[in-house]
Participant: 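Dropping a structure here in structure tokens format, bear with me for questions.
Residue numbering restarts at 1 for every chain, and letters A, B, ... go by the order of the sequence lines.
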Protein chains: 2
Amino acid sequence: MPHALDKIDTQILNILQIDSNRTTKSIAEELSMTTSPIFERIKKLEKEGYIKKYVAVLDNKKIGLKLTVFIGITLQGHTRSYLEKFVKEINNFPEVVECHRVSGNFDYLLKLVVEDIEAYETFIITKLTLLPYLGNVQSLITLSTGKETNVIDLGL
Amino acid sequence: MPHALDKIDTQILNILQIDSNRTTKSIAEELSMTTSPIFERIKKLEKEGYIKKYVAVLDNKKIGLKLTVFIGITLQGHTRSYLEKFVKEINNFPEVVECHRVSGNFDYLLKLVVEDIEAYETFIITKLTLLPYLGNVQSLITLSTGKETNVIDLGL
DNA sequence: AAAATAAAAGAATATAATTCTTATTAGAGT
DNA sequence: ACTCTAATAAGAATTATATTCTTTTATTTT
């Protein structure tokens, strides 16, 4: 086991998951430390890959992307090369923000963020249904979102 | 219509969605401008709510949360007050990162990030099934993730 | 075309990140 | 229990970036 996260690391990650613009000074004060160890710990967390990146989270609706849709998909063939091709194609579709291979009633579950129902239908017709080996397709249209966070549970 | 986003705003948002640690200088260079207008535009995008927040994205697997699960849920009652209570309860569960009310074959779709199958089962038994009015519950266990991005499509 | 408005440039300042040096702490080995 | 060693934290100094302010340029309006 190379490096485990101690309590301070976990606290830092929890803070940065919520607001990555917090200064090292402000984090240091919250954790009753000075800036240097906080700074060094953050750099270590970045270098070792615990922190993948820092991003701006946009307000989808404000920007005009008012609709989130989940699409469950079954494929008719399951050869390795086809699955890879499917995922590759999906990666070219900017409206698809997630694509998971799943067990259960579907092979894949997609998450889409689009302008509206029309954009969703356009996606289905001009992109999704053009993929070969496509089996059953089942859409779940989001009516409202009760929770949507980037914060993953680290304990504490 | 208060404020539309012009091309430069959109470019800034695209950059910040990918890496929010980019300096104004580096963004300015990419867009062939100076730092001041970039800085002011970013502040405006923040103030007007196009940018909701800045966050650190962690590596779930590295941190020990190796399993993502989607759970489709139907409820037995649909009174307004119950739906609200349901969502409120869900918000207390840190392993649930998303909760959407959907149309289609389910009432709600949850996304969970947990350690492993055991943690998932614990969630089901000790948290989910304790909620009243619970109807059908159907889980999709993620086997692999082919795409997972925070970048929403702004065109360009 | 002139005036008014908004946006950008450039320079100056303030703040925070980063580095470096020194001190403290915690653990390992004797 | 003591000393040595390595790791971590503190504190000061430096560098880089964010932020503000002023001037200039471009754009829009009448």
Side-chain angles (χ1 to χ4, degrees), chain A residues 1-59 62-65 150-156, chain B residues 1-59 61-64 150-156:
Chain A
M1 208 148 297
H3 299 281
L5 297 176
D6 65 13
K7 188 182 170 188
I8 296 171
D9 290 328
T10 305
Q11 290 181 116
I12 291 174
L13 291 178
N14 274 330
I15 289 169
L16 258 20
Q17 278 196 102
I18 291 168
D19 180 5
S20 62
N21 275 359
R22 287 280 297 273
T23 62
T24 55
K25 190 179 163 196
S26 122
I27 297 172
E29 280 166 3
E30 180 170 336
L31 304 184
S32 305
M33 296 171 74
T34 56
T35 63
S36 336
I38 300 297
F39 176 79
E40 278 160 14
R41 278 168 180 269
I42 291 173
K43 288 302 147 192
K44 191 170 142 193
L45 291 167
E46 292 168 357
K47 189 160 63 67
E48 291 177 0
Y50 292 101
I51 297 173
K52 279 202 290 192
K53 55 184 173 178
Y54 297 94
V55 305
V57 177
L58 309 187
D59 185 327
K62 181 118 197 180
I63 281 165
L65 300 171
N150 59 291
V151 178
I152 64 175
D153 181 31
L154 309 177
L156 286 201
Chain B
M1 207 147 295
H3 298 281
L5 299 176
D6 66 12
K7 189 181 170 189
I8 295 171
D9 289 329
T10 306
Q11 291 181 113
I12 291 173
L13 290 178
N14 274 330
I15 289 169
L16 258 23
Q17 278 196 100
I18 292 168
D19 179 4
S20 61
N21 274 359
R22 288 280 298 272
T23 62
T24 54
K25 190 178 162 195
S26 121
I27 297 171
E29 281 165 3
E30 180 169 337
L31 304 184
S32 305
M33 296 170 73
T34 56
T35 63
S36 340
I38 299 297
F39 175 78
E40 278 160 14
R41 278 168 179 270
I42 291 173
K43 287 302 147 193
K44 192 170 141 194
L45 290 166
E46 290 168 358
K47 190 160 62 68
E48 291 177 0
Y50 293 101
I51 296 171
K52 281 201 290 193
K53 55 184 172 176
Y54 298 94
V55 306
V57 177
L58 309 187
D59 186 327
K61 295 211 176 130
K62 181 118 195 179
I63 280 163
N150 59 290
V151 177
I152 64 175
D153 181 30
L154 309 177
L156 287 198

Participant: Could you state the atom-to-atom distance from CD of Glu29(A) to C1' of dA17(C) in whole Å?
Facilitator: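 Rounding to the nearest Å, CD of Glu29(A) and C1' of dA17(C) are 15 Å apart.
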Participant: What is the distance, rounded to the nearest whole Å, between atom CG of Asn21(A) and atom P of dT19(D)?
Facilitator: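 From Asn21(A) CG to dT19(D) P: 8 Å.
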Participant: Between atom NZ in Lys47(B) and atom P in dT19(D), what is the gap in whole Å?
Facilitator: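 From Lys47(B) NZ to dT19(D) P: 15 Å.
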Participant: Between dA9(D), dA7(C), dG10(C), which nucleotide has the shortest distance from any of its atoms to the side chain of Pro37(A)?
Facilitator: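 Of all the options, the side chain of Pro37(A) is nearest to dA9(D).
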Participant: Round to a whole Å and report the spacing from CZ of Arg22(B) to C1' of dA18(D).
Facilitator: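 Rounded to whole Å, this separation is 16 Å.
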Participant: Need one value for Ile42(A): base, sugar-phosphate or nothing, where a base atom within 4.0 Å counts as base even if backbone is also close, heavy atoms only.
Facilitator: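 Since no nucleic acid heavy atom lies under 4.0 Å of Ile42(A), the category is nothing.
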Participant: When you measure from the side chain of Phe39(A), which nucleotide among dT20(D), dT18(C), dA9(D) comes out closest?
Facilitator: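 Nearest to the side-chain atoms of Phe39(A), counting from C-beta on, is dT18(C).
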Participant: Counting the atoms with a prime plus P, OP1 and OP2 as sugar-phosphate, which does Thr34(A) contact under 4.0 Å by heavy atoms, base, sugar-phosphate, or nothing?
Facilitator: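 Base contact - Thr34(A) has a heavy atom under 4.0 Å of at least one base atom.
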Participant: Which nucleotide, dG10(C), dA7(C), dA17(C), lies nearest any side-chain atom of Thr24(A)?
Facilitator: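 Among dG10(C), dA7(C), dA17(C), the one nearest the side chain of Thr24(A) is dA17(C).
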Participant: With nearest nucleotides of DNA chain C determined for Thr35(A) and Ile38(B) from heavy-atom distances, which residue corresponds to the more 5′ nucleotide?
Facilitator: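 The 5'-side residue here is Ile38(B).
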Participant: Side chains of Glu40(A) and Lys44(A), heavy atoms from C-beta outward: is any pair under 4.5 Å?
Facilitator: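 No, every pair of side-chain atoms sits at 4.5 Å or beyond.
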Participant: Send over the distance from Glu40(A) CD to dA7(D) P, rounded to a whole Å.
Facilitator: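 Taking atom P of dA7(D) as the reference, CD of Glu40(A) is at 13 Å.
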Participant: What integer distance in Å separates Lys25(B):NZ from dA12(C):P?
Facilitator: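 So the NZ-P distance, Lys25(B) to dA12(C), works out to 17 Å.
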Participant: Less than 4.5 Å apart, side chain to side chain, heavy atoms only: is that true for Leu45(A) and Leu58(B)?
Facilitator: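 The answer is no; the side chains never approach within 4.5 Å.
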Participant: In whole angstroms, how far is the P atom of dA9(D) from the CZ atom of Arg41(A)?
Facilitator: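 These atoms are roughly 4 Å apart.
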Participant: Nearest to the side chain of Ser36(A), heavy atoms from C-beta on, is which of dT20(D), dA17(C), dG11(D)?
Facilitator: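 The listed nucleotide nearest to Ser36(A)'s side chain is dG11(D).
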Participant: Determine: side-chain N/O of Lys43(A) to OP1/OP2 of dT18(C), distance under 4.0 Å, yes or no.
Facilitator: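 So the side-chain polar atoms of Lys43(A) do come within 4.0 Å of the phosphate oxygens OP1 or OP2 of dT18(C), strictly under.
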Participant: Tell me whether Glu46(B) is salt-bridged to Lys43(B), with the criterion being a basic N under 4.0 Å from an acidic carboxylate O.
Facilitator: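 Yes, charged N to carboxylate O under 4.0 Å.
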Participant: Find the distance Ile27(A):CD1 to dA17(C):P and express it as a whole number of Å.
Facilitator: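 These atoms are roughly 8 Å apart.
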Participant: Any donor-acceptor pair under 3.5 Å linking the side chain of Lys62(B) with the backbone of Glu48(A)?
Facilitator: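 At least one qualifying donor-acceptor pair exists.
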Participant: Quick one: which of dC20(C), dA9(C), dT19(D) gets closest to the side chain of Met33(B)?
Facilitator: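 The nucleotide sitting nearest to the side chain is dA9(C).
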Participant: Does a side-chain N-to-carboxylate-O contact under 4.0 Å join Arg41(B) and Asp9(B)?
Facilitator: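 Salt bridge: yes.
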